[in-house]
Every structure is written in structure tokens, then in C-alpha cells.
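Structure, as C-alpha cells:
Each ligand, and each atom within it, is numbered from 1 in the order the structure gives. In this text the structure is predicted, and so the values were computed from the model without any measurement.
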Amino acid sequence: MVGGNSDLVALLTSWLPRQRWFAGKGRPWAGLRVVRNVRLSDLLHHFVVEVRYADGGLADHYQIPLVVRPDAPYGHEAFFVGKSADGLIYDGLHDPDGSAALLAFIRGRTAHDGLVPYTLEELELFPAHVIGAEQSNTSVVYGDAYILKVFRRLWPGTNPDLEMTRALADAGSPSVARPLAWLDGVLDGQRTTFAFMQEFLRSGTEGWRLALASVRDLYAEADLHADEVGGDFAAESERLGAATADVHRIIAETLPTAVGDAETLRAQATGMHSRLDAAIRAVEQLRAFETGLRAAYDELARQTSPVALQRVHGDYHLGQVLRVDSGWVLFDFEGEPARPLAERTALQSVHRDVAGMLRSFDYAAQSLLLERSLLVEREDESGLRYRAQEWATRNRDAFCAGYASVRGHDPREEAALLRAFELDKAVYEVVYEARHRPSWLPIPLGSVERLTSTD
Ligand SMILES: Nc1ncnc2c1ncn2[C@@H]1O[C@H](COP(=O)(O)OP(=O)(O)O)[C@@H](O)[C@H]1O
Ligand SMILES: O=P(O)(O)O[C@H]1O[C@H](CO)[C@@H](O[C@H]2O[C@H](CO)[C@@H](O)[C@H](O)[C@H]2O)[C@H](O)[C@H]1O
């Protein structure tokens, strides 16, 4: 039997830090411990491990389904974990037989050793494959019918993705994919969401891809007037703004809300200052913009008008929305995966989500400039840079106009709030890029520079 032995701990100690979704990159380890080991089928073993750090910070928990097989099928080397006395160990979600066993377990609706599957409708058995570049979690698609997101880093409690998506679906929102099933387990004595299954929207195209295509058009037609190119996406941005506002409306009607006062805004600003402290410790280049950043946060702290608070998406960007035939669908209501659950479920201003999406328009425009290495000043390319900026502004404006058309107020009216949230997000992105995609670091750093050099 795999697990419960020092060999497996040694294998995972070497394998885990190399995974894209491992959040403790760069932190010194104090050790790894298997805290749960449940056998779900002949092939599939379900592990939860705890990673302790030598920096005094909190330990992390990760969910690691593994398969142990005698053979080495073609292609399996990409997710090979190591060898044990019982056979070859692979990541159990990437192994199609492993993820099929997980579906069979969920579909069977029978609890086993603390793992409890819940289904909202009958599920069929379909072949499985992992999709996309893994981000924070691993998503398995079954036969183009279901998508199962297996949460990798576990936080005790109900995952907000499940909670928010169910609330929206129950209220009849057309802007979420139908929830189908989920898997609960126990962590630190609390019932915890381990995985969440939704209808797979096979015809959906990610907002990020559509936005990039529009920016590419802009470059291809660089000799046309700015208002003649890349304009198509502005209509989509406006629809996206309207869909976002409708989702916010439903969330406000179905989940708790509150009204924040000056004290709330001061607390928000304090949080931003302390996130900036940590970000500067992690990425020294941010220090150059510290004065401007703190001034924007102080401006927020001086606001006295009441602010509406509610649950929000929390990590909203163009990669979290799909365009389907009927309109825009939002997913991944998990919040920023690096933040503790209590922060991610706290009531917030909707400006947080609006700011996230506005940052994303900027990202789309800047990422192609980066691809062309145009971020360095070059006189002959300044026209293109201007066009990229213009594209971002046009789509940001369209998004806000769409938002205002549904909720009756334009998010740009609360300028200090929006600016502080945008900068807070850009600071988060600086740290995110430094850790995960260093070559993209110039995008958020450039935005911080621009946003702090203009009022
Ligand atoms: N219901 C769905 N239908 C089709 N594709 C989806 C659906 N939900 C998510 N996706 C795709 O799955 C990928 C990963 O989903 P996401 O929730 O963002 O995972 P992560 O938390 O790892 O970032 C995204 O690229 C998205 O395009
Ligand atoms: O999708 P996740 O929940 O894993 O979010 C993380 O990864 C995102 C990148 O995939 C990151 O988003 C940043 O890059 C996007 C383009 O790739 C851009 O659209 C976003 O605006 C930008 O923030 C996100 O911040 C991070 O939490």
C-alpha cells in the first residue's frame, strides 16, 4: 500500500514544490506529513498532506489523488511522481483511469472514510482528461459534459466557488454554469469542500482569448484610425459589464449585505497598506512607487460616504468569464486563492471586482506589447503603444457603461475607491507575476507606474 511510509513523504517532498498550484514556492520547509490516506478504488488513493514551513507561517494542506500502477503508459511520464514497492506512482487526476475512478466515486453517492459526494442530478460515466494549464487547481473534463475542479490547496470550510455558484444558479442567473455535484471531506475538524463539478460549456470561449484576438486585430490594422479598429470588443465589454452587474445584483439579493462607514474604508486602506508592505518585501522594484501607492490608499481612508458591502467574485478577470451563445458566463468564484478563506468571504465593495476586470483590459492590451518587446521606449512604436492604451480605455469605459446600465450607478463615480482597488490588485499581480511568470512582471509594474503618476 502506498503511503504512511517515509518513501512516499520523500517522493512528495521532491514532487510537490514543482507543481504549478503549489502555493509555498520560495518558503523554507520544516516538513511534510500525510494527514489523510483513503483508498477510493483499486487504483486511486486519496491523500491530504500538510506542509509546514520554517518561517513560522501557517502550514498548508494539499489534496493529492495518486494512482499506483504496474505499467508506464505512453505519455504518463509528464505526471510521474516516483516509484514505490507497489508500483509506479502518478498524479491521479492526470491519469484518465484515476480521474474516472473519482467520477465513479462521486456518482455512487456513497460516503467513504470521511469523503462525502453530493450530486444534484444523475451523472453518467464519461472518459476524462485534464484541461488547460493548471493554475491554482486541477480541472478534469468528463466527455465534454462535466468539469470537475479539484481544489489543490485546501482551506477548512465551504469553498466560496461552490457557495456562490449555487446561490446564483438557485436564483436563476443565466451567468453561471449549472452546478452538478461536489465532494466534501474533513479538514481540521471542519467539513470542507474538496471538489466542485459543473456543466462543461463546450461552446464557450474565454474572455481573455477574445480580448487578445481583438488587440491583435488592432495591431494588424495599425495604419487605420484608432476608432476604426479593435472596436468590436467594446460591445462585448459592455455586455460583460451588464452581466457582471446582474450577478452582483443577485448576490446582493441572496447573500448577506451590509453598509460600510468611514471606519470600514479606513480598515480597507489599512489592509492595502499591509499587503503593500508584504509585496515590497517580496518584490523590491515596487518600492519606487511606494509614495504614490500609499497616497491612493490614504485617499481611500479619508472617504466618508457610506459604501454598500456584499459578497463578490474576488479574483475577477478576463480569464474567469466565458462567452457562450447566450451571453457571458462567470466562473471561479473562489477569490484570490492565496488569501485565507475568511478574507475571501468577507463582505466587500463591488468595486473590487470592477477594478479586477478593468486591470484585465489593461493586461490584454499590454501583454501583446510585451510579446513584441515594445515596453521599452522606441520612438517608431509609440503610435502602437498609444493604440494599445486607447483600446484598454475604450473597453474599460464600455464595461463600466454596461455595468451602470443594470445597476443604475457608474462605478467610476466613486473614483477614489476604484483607484485604490485597482492599485491593490496591481500590487497583488506584481507579486503573482514575480512568483509564477517573471517575464510578465513588467505588465503590472508598468500599470503601477502609470496609475501612480496620474491623478
Ligand atoms: N463550466 C465550464 N465550462 C467550460 N470551461 C470551463 C468551465 N469552468 C471553467 N472552465 C475552464 O477551466 C479552466 C480552469 O478553471 P478555473 O476555475 O479558472 O480554475 P483555477 O481555479 O485553477 O484557475 C479555465 O481556463 C476555464 O476556461
Ligand atoms: O485564474 P486564477 O484564479 O488562477 O488567477 C491567478 O492567475 C491569473 C493568471 O492566469 C492572474 O491574472 C492575471 O493575468 C491574467 C492574464 O493571464 C489577466 O487577465 C488578469 O487581469 C491578471 O490579474 C490572477 O491575478 C491570479 O490570481
Just let me know how [X] lines up against ligand 1, side chain, backbone, both or neither, with a heavy-atom cut-off below 4.0 Å.
X	result
L322	side chain
R202	neither
I131	side chain

Exercise. Do any heavy atoms of S136 fall under 4.0 Å from ligand 1?
Worked result: yes
For this session: Could you list the residues that satisfy side-chain hydrogen bond (donor to acceptor under 3.5 Å, both in side chains) with R344, not counting sequence neighbours?
Result: none
Exercise. Can you name the residues that form a side-chain hydrogen bond (donor to acceptor under 3.5 Å, both in side chains) with H129, not counting sequence neighbours?
Worked result: none
Exercise. Side chain, backbone, both or neither: which part of H436 has a heavy atom under 4.0 Å from ligand 2?
Worked result: neither
For this session: Could you tell me whether R437 approaches ligand 2 through its side chain, its backbone, both or neither, with non-hydrogen atoms closer than 4.0 Å?
Result: side chain
Measuring from [atom], which candidate in [options] has the nearest non-hydrogen atom?
atom	options	answer
atom 25 (O) of ligand 1	R20, E206, H317, R209	E206
atom 10 (N) of ligand 1	I147, D332, D161	I147
atom 26 (C) of ligand 1	F200, F331, F151	F331

Seminar exercise, completed: Ranked by distance from atom 19 (O) of ligand 2, the top protein heavy atom is S360 OG, 2.7 Å
